Engineer: 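One structure follows; several queries about it will come next.
Chain letters run A, B, ... following the sequence lines, proteins first, then strands; residues in each count from 1. For clarity, every value in this text was computed on a predicted model and none was experimentally measured.
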Amino acid sequence: MISAERLRQIAFWAHGLNETEIEQTRRGIVEKDVAKGAYLCHRGDRLDFWTGMIGGVMKMATVSKSGKSATLAGLRAGSWFGEGSVLKSEPRRYDLIALRDSRVALMERATFFWLYDNSVAFNRFLIRQFNERISQFIGLVEYDRTLDAPSRVARSIAWLFNPVLYPTADTHLEITQEELGQLAGLSRQHTNEALKLLETRGLLGVERGGITVRSLAGLANYGE
DNA sequence: GCATTAACAGCCG
DNA sequence: CGGCTGTTAATGC
């Protein structure tokens, strides 16, 4: 259980809820740490929680039949995910791996369904989120064809600054080049070169252990 | 060949 | 110091 204040702090969608809904929701959420390298869940696991990122960086990934790992989405603080698996009550179709020490919020399935049944604001949020994810996954199909490293890095970063998924995000994010590489499916060296290129194009700034986005549109459309 | 992994020195917090 | 970065050398597909 978390406080109402904490809920508002970690869940931007909760700002649309009324007092009753907030009260009901906060009772169905617990927090949990996920150490760097640990799996929050494996593909095929049942994870009966809707999950929110409070801090850190994780990746949502699948392993293809040939054994190659493909990142479906990068997740940072503010990201909420797993509504598909919770709604359909089915096993997870992807791995969730912490790329650095992270903290998550776990919402009980029953609480999720209570919101689903009772809150208009929550349903609006869900639709918006589904819609955005679909766009992102469509982009992913393209992205596999553009094998070019800077494009992959640009896309990975654009994910992490998606204004619909992260309405409260500012332009800076703490993430190492190693972690970005894991999201983009690249070695650290390639990521390093790609970042420097994107920096010279004026699309972002590279700092030690972090990046600052200068042109989100430029990153989102890079390589097209 | 190309890309990834390994290795290492510099550097910043 | 430890972790991150930038570069080079080795290794694997």
Engineer: Given atom CG of N192(A) and atom P of dT8(C), what is their separation to the nearest angstrom?
Structural biologist: 12 Å
Engineer: Which pair of non-hydrogen atoms, one from P150(A) and one from A194(A), has the smallest distance, and what is that distance?
Structural biologist: CA-CB, 3.7 Å
Engineer: Output all residues satisfying ring pair (Phe, Tyr, Trp, His ring centres under 6.0 Å) with H42(A), sequence neighbours left out; order by chain, then residue number.
Structural biologist: Y39(A)
Engineer: Should E31(A) and R26(A) count as an ion pair when the cut-off is N to O under 4.0 Å?
Structural biologist: no
Engineer: Just the rounded figure in Å: distance from C1' of dG6(C) to CG of L197(A).
Structural biologist: 16 Å
Engineer: Let me know the distance between CD of E174(A) and P of dT5(C), rounded to the nearest Å.
Structural biologist: 11 Å
Engineer: Between protein and nucleic acid, restricted to nucleotides 10-12 of chain C and to nitrogen or oxygen atoms under 3.5 Å apart, what atom pairs and distances do you find?
Structural biologist:
none

Engineer: Round to the nearest Å and state the distance from K196(A) atom NZ to dT7(C) atom C1'.
Structural biologist: 8 Å
Engineer: Answer yes if the ring centres of Y166(A) and F12(A) are under 6.0 angstrom apart, and no otherwise.
Structural biologist: no
Engineer: Any donor-acceptor pair under 3.5 Å linking the side chain of N123(A) with the backbone of Y116(A)?
Structural biologist: yes
Engineer: So, are R128(A) and E132(A) salt-bridged, with charged N and O less than 4.0 Å apart?
Structural biologist: no
Engineer: At under 4.0 Å between heavy atoms, which parts of nucleotides 4-13 of chain B does protein reach? Answer with one letter per nucleotide, 5' to 3': B base, S sugar-phosphate only, - none.
Structural biologist: SBBB---BB-
Engineer: With respect to Y222(A), which candidate in R152(A), R155(A), R201(A) satisfies the side-chain hydrogen bond (donor to acceptor under 3.5 Å, both in side chains) definition?
Structural biologist: R201(A)
Engineer: Hey, what's the ring geometry for W50(A) with W13(A), parallel, tilted or perpendicular (30° and 60° as the breaks)?
Structural biologist: tilted
